[in-house]
Amino acid sequence: TASFGSKQAILFVITLLAHLSTMCRVETLTRNTLIFGLPESCPPGSEPLCASDGETYSSECAMTAKGMQKGIKLRKIHAGQCRRLGKEKALWVFGKGSGCGSR
């Protein structure tokens, strides 16, 4: 069995790894501390998704974590990759009659 000292060292390494995969941010209005996982710590998703910032994310977890990192609320626009029109523009496809981009 492991000695008490080596058990403490293992616990320290596990705690350190857990902290390396999290971030901390303070809410401007409430001054509450938010601790959240990094997008890289999310499990891989089964299908990519296009978010409201025009970026493609591997999962909803990754999208939410990136939004927390940026301090914005992201939402899923559609399943699959975002469709690019140019270097910085993304095309978000909405259903007919949505009032946004429908003709």
Side-chain angles (χ1 to χ4, degrees):
T1 65
S3 68
F4 182 71
S6 62
K7 286 181 184 178
Q8 284 181 321
I10 291 169
L11 183 59
F12 173 76
V13 170
I14 291 171
T15 304
L16 180 63
L17 290 174
H19 287 304
L20 291 175
S21 65
T22 60
M23 283 192 73
C24 173
R25 192 168 67 74
V26 176
E27 279 287 331
T28 309
L29 297 175
T30 63
R31 312 286 272 171
N32 289 334
T33 303
L34 301 172
I35 298 173
F36 53 93
L38 296 173
E40 298 81 22
S41 66
C42 291
S46 58
E47 180 179 16
L49 62 99
C50 182
S52 53
D53 64 349
E55 295 295 324
T56 300
Y57 294 94
S58 61
S59 66
E60 289 203 31
C61 173
M63 175 191 70
T64 303
K66 185 56 94 169
M68 294 288 290
Q69 207 174 29
K70 292 180 174 181
I72 59 175
K73 177 129 174 100
L74 294 174
R75 62 186 178 88
K76 178 181 174 179
I77 299 300
H78 63 78
Q81 298 214 356
C82 295
R83 297 172 190 95
R84 297 282 178 193
L85 293 175
K87 284 186 179 179
E88 297 299 322
K89 295 183 180 180
L91 171 66
W92 295 301
V93 179
F94 293 91
K96 289 186 177 184
S98 67
C100 185
S102 55
R103 294 177 188 218

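- Nearest approach of A51 to M63, heavy atoms of both residues: CB-SD, 3.6 Å.
- Contacts of T30 classified as side-chain hydrogen bond (donor to acceptor under 3.5 Å, both in side chains), with partners at least two apart in sequence or in another chain: N32.
- Partner of L49 under the side-chain contact (heavy atoms from CB on, under 4.5 Å) criterion, chosen from R75, H78, E60: E60.
- Every side-chain hydrogen bond (donor to acceptor under 3.5 Å, both in side chains) that K70 has, sequence neighbours left out, goes to D53.
- Nearest heavy atoms, P43 versus S59: O-OG, 3.8 Å.
- For Q81, there are no side-chain hydrogen bond (donor to acceptor under 3.5 Å, both in side chains) partners at least two apart in sequence or on another chain.
- Other members of a hydrophobic cluster containing L29 are absent, since no ILVMFWY side chain comes under 4.5 Å of it, directly or through relayed contacts.
- Under the 4.5 Å side-chain contact rule for hydrophobic residues, I72 and I77 do not share a cluster.
- When all heavy atoms of E47 and A79 are compared, the closest pair comes out as OE2-CB, 3.7 Å.
- When every heavy atom of L74 is checked against every heavy atom of S52, the shortest pair comes out as CA-OG, 3.6 Å.
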